[in-house]
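What follows is a set of notes on a single structure, which appears directly below.
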Amino acid sequence: MRKLYVFLAVLLAASLILAACAPTAAPTEAPTEPPVTEPVATEPPATEPVVEEPVVPAVEFKSKDPTTLTLAYSDLSVDTLDPALAYDTMSGEILQNIYETLVFYNGESLSEYVPQLAAEMPTISADGLVYTFKIRSDVKFHNGDVLTPTDVAFSLQRGLLQGGTSSPQLLLTEPFLGVGVDDVSLLVDPEGNLYDDRAGIIAADPAVVKAACETVQAAIVPDDAAGTVTMTLKQPWGPFVSTIANNWGSIMDKKWVVENGGWDGTCDTWQNFYGMASADDPFSIIANGTGPFKLDKFVNQDEIVLARNDDYWREPAKLAKVVFKQV
């Protein structure tokens, strides 16, 4: 019996050991639903109250005098009103409204031109040397004098002979007198010792001085009967038309110039007007052109007034007056 008890005890112990060594299955759990959360009530973000701008009634601005344009400048310094001498922007702004040229730029184009005091664009010889301009016959200067071909030729001759290194005439001397001739004084002294030296030219050989003037006059010849001016260049010159379209190509009234102390148009007196400085030029403060405006008042560095030319050969300007004012 005792052996049986021992055997049973050993069997029981073995059973317990086997039970302890067996793998244990993980308990299975039923799947669970995610927790349901109640929506949290939130208040809408605060917004600024909309403020409506007050409606401002439209204001119609009207000039007290719509026929007058006033332009303000911090510096109203005009060097001269002589188109043969003027080479600064401020002078040019005034001159371009008073005087006119034979041709002018076509709008904003720098390579297209339209006739102005010329009745049509010039005819040009096959060799590019001779330009013939037909001059309008229905144009008057501001003082009532009628424009003639003689006025045109005189104006360009006067500019070349007045010359001087302070003027824009160097742009015209080379086309008419030859490459390298940048001033008429070189026709008197090719060595260039008489630049801006009026006294020296007056004292030079009278025959040489007269010949210089005759050379200039032979290059620009008027024909009042035919209504033309013929210009002969020393060599073909591509920018010639564009050059005379600027202020230094402006046309002046010969009779008026002579009456006001300018060159008389003869080759015996031109040297007395060579190298004219703006301070000594009688035409620095007076003007008589053919343009849409006349010079009404000239007080340099203060006020310049232009008045409409009601007898303008084209349609008169819309403005009755333009005031340039230094402020």
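- Between F240 and Y131 there is a side-chain heavy-atom pair separated by less than 4.5 Å.
- Here the side chains of E174 and K234 are not in contact, with every heavy-atom distance at 4.5 Å or above.
- Contact of the E93 side chain with the F324 side chain is registered, since non-hydrogen atoms from C-beta on lie closer than 4.5 Å.
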query: side-chain contact (heavy atoms from CB on, under 4.5 Å) between L71 and V322: does it pass, once the steps are laid out?
result: CA-CA 8 Å; L71 303 171; V322 179; 4.2 Å; yes
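- Aromatic ring centroids of W248 and Y87 lie under 6.0 Å apart.
- By the 4.5 Å heavy-atom criterion applied to side chains, D253 and E259 are not counted as neighbours.
- Judged by distance alone, the side chain of D151 and the main-chain N or O of K254 form a donor-acceptor pair under 3.5 Å.
- With N260 contributing its side chain and W256 its backbone, the two residues share a donor-acceptor pair below 3.5 Å.
- Checked by atom type and distance alone, the side chain of S155 pairs as donor or acceptor with a backbone atom of M252 at under 3.5 Å.
- Y105 and Y113 have their aromatic ring centers within a separation under 6.0 angstrom.
- Inspection of the D127 and S125 side chains reveals an N or O donor paired with an N or O acceptor under 3.5 Å.
- Side-chain contact between S77 and M90 is absent, with no heavy-atom pair separated by less than 4.5 Å.
- No side-chain N or O of S63 forms a donor-acceptor pair with one of D65 less than 3.5 Å apart.
- Of the N and O atoms on the side chains of S278 and D79, at least one donor lies less than 3.5 Å from an acceptor on the other residue.
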- request: Any chance you could lay out the side-chain contact (heavy atoms from CB on, under 4.5 Å) test for F133 and V103, step after step, and finish with the verdict?
  value: CA-CA 10 Å; F133 292 86; V103 297; 4.3 Å; yes
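- If you check the side chains of S109 and N106, you find no donor sitting under 3.5 Å from an acceptor.
- Q169 places no side-chain N or O within 3.5 Å of a backbone atom of S166 that could act as its donor or acceptor partner.
- With hydrogens and angles disregarded, no donor-acceptor distance shorter than 3.5 Å links the side chain of D183 to the backbone of G163.
- Ion pair R308/D310 flagged as a salt bridge, since at least one NZ, NE, NH1 or NH2 atom sits closer than 4.0 Å to an Asp/Glu carboxylate oxygen.
- At least one donor-acceptor pair under 3.5 Å links the side chain of K134 to the backbone N or O of A226.
- Looking at K325 and D302, a side-chain N of the basic residue comes within less than 4.0 Å of a carboxylate O on the acidic one, giving a salt bridge.
- Looking at T269 and N272, their side chains never bring a donor and an acceptor atom within 3.5 Å of each other.
- Here the side chain of D196 pairs no donor or acceptor atom with the backbone of G164 at under 3.5 angstrom.
- Looking at heavy atoms from C-beta onward, W237 lies in side-chain contact with V179 at the 4.5 angstrom threshold.
- Of the possible polar contacts, one joining the Q157 side chain to the I220 backbone as a donor-acceptor pair under 3.5 Å is found.
- The backbone N or O of V184 sits nowhere less than 3.5 Å from a side-chain atom of T173 that would complete a donor-acceptor pair.
- W313 has its side chain within reach of Q116: a pair of non-hydrogen atoms, C-beta onward, lies under 4.5 Å apart.
- Between V78 and F298, some side-chain heavy-atom pair lies under the 4.5 Å cut-off.
- The closest donor-acceptor contact from the side chain of N309 to the backbone of G291 lies under 3.5 Å.
- One finds no salt bridge joining E100 and R136 here, because no Lys/Arg side-chain nitrogen approaches an Asp/Glu carboxylate oxygen to under 4.0 Å.
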